[in-house]
Number of protein chains: 2
Amino acid sequence: MAETHTHKPEPVADVLADHGVRPTSQRETVYRSLLQQRDHPTADEVFARVRENAPTISLATVYNCLDVLVQHKLVKAVNFERGPTQYCANLAPHAHFHDEAGGTLDIDMPPEMITQLLGLLPENFDVKHIEVNFHGRTPSA
Amino acid sequence: MAETHTHKPEPVADVLADHGVRPTSQRETVYRSLLQQRDHPTADEVFARVRENAPTISLATVYNCLDVLVQHKLVKAVNFERGPTQYCANLAPHAHFHDEAGGTLDIDMPPEMITQLLGLLPENFDVKHIEVNFHGRTPSA
DNA sequence: CAGGTAATTAGAATTATTCTAAAATAAGTC
DNA sequence: GACTTATTTTAGAATAATTCTAATTACCTG
Ligand SMILES: [Mn+2]
Ligand SMILES: [Mn+2]
Ligand SMILES: [Zn+2]
Ligand SMILES: [Zn+2]
């Protein structure tokens, strides 16, 4: 068999609890949806998706759940040029490529790039967060 | 005398014309305001500022002028976390530091940093624009 | 000056998001 | 398990930045 590191997948409810989030069914559904489909959906898109499994969930609740997940750092909020906020379950440091044709891609950011970027700032600045966005076109062919 | 390169400051109207923008009094006023006060004002703030000189200008016109200036690359639009768009007359490539205490600072970006960032992308991606935002605190003392 | 095009304006409309207040759910206590 | 309290969910109203609409004004060219 090929697998070297096998983590038995921790149940979503436990992940939430471990991050101090009370695992309600709505939160689990929203989080699961982001883990499963790793494009960068907007709140509306998440709402549409989770409605399949949780037909009675409200849009306000989707916003609430997303906010809680972002607050507790289980999910990242991605903004680009006044578009609706998109949500991302990729916790590794990464940049985003926004394709003019639509769609947002994760671009891996090696630690040395982060270091270099921080080097642009005066010594004593306290940085909480770096955000790198590319905008352009992916090859059409 | 110290000055080595002295450009006699080109009249704002000419700069606009040179960039294919018809120099109306409103556009001149808006652009001049951004050149003079180089913080990163929002459309509302620009509106408040230009009202001193052009008391009859409308907010819609301020938005129109800012859009035209951005389209013709005389001004950059800066977005951060769903806040109102801010406008920047600094045309040199630079990142932005968003202070939690309020205020946005320009952070110079040397060409080699741009090159490095572009190196993160697959070869054939066509990049129109890169955006780097820092978020944190500047030293309080 | 006339006619045509482009810009400005006030106000209505839009959109994503947040707020409000009530109902439902969960948790903690005897 | 009923009682109490805190948290979450919900529908709908409210907000805020921006864009749109349609009418007016300014500019330019012949
Ligand atoms: Mn999307
Ligand atoms: Mn500001
Ligand atoms: Zn991402
Ligand atoms: Zn700037």
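Small disclaimer: the values here were computed from a predicted structure and weren't measured. The analysis underlying the following values was restricted to heavy atoms, covering all of them including side chains, and did not include hydrogens, waters or symmetry mates. So that the names make sense, note that chain A is the first sequence line, chain B the second, and so on, each numbered from 1.
Of all nucleotides in DNA chain C, those with any atom nearer than 4.0 Å to a heavy atom of chain B start and finish, going 5' to 3', at C:dA6 to C:dT17.
Terminal axes of the helix from C:dC1-D:dG30 to C:dC30-D:dG1 (five pairs each, C1' rotation axis) are separated by 30°, to the nearest 10°.
There is a side-chain donor-acceptor pair under 3.5 Å between B:Gln86 and B:Thr104. For the residue pair A:Thr29 / A:Asn53, no side-chain donor-acceptor distance below 3.5 Å is found, with atom types taken as modelled. Between the side chains of A:His94 and A:Asp106, at least one donor-acceptor pair of N or O atoms lies under 3.5 Å.
Side-chain nitrogen and oxygen atoms of A:Thr24 include none within less than 4.0 Å of the OP1 or OP2 phosphate oxygen of D:dT8.
With rounding to whole Å, A:Arg27 atom CZ is found 11 Å from D:dT7 atom P. Atom CG of B:Asn64 is separated from atom C1' of D:dA17 by 15 Å (rounded to the nearest Å). The interatomic distance linking A:Glu81 (CD) with D:dA17 (P) rounds to 19 Å, in whole Å. Nucleotide D:dA17 holds its P atom 14 Å from the CZ atom of B:Phe47, rounded to whole Å.
Salt bridge annotation for A:Asp44-A:Arg49: absent, with no cationic side-chain nitrogen under 4.0 angstrom from a carboxylate oxygen.
For B:Ala60 and A:Arg82, each mapped to the nucleotide of DNA chain C holding its nearest heavy atom, the one lying further toward the 5' end belongs to B:Ala60.
Relative to the six-membered ring of B:Phe47, B:Arg51 meets both conditions, a distance below 6.0 Å and an angle of at most 45° to the axis.
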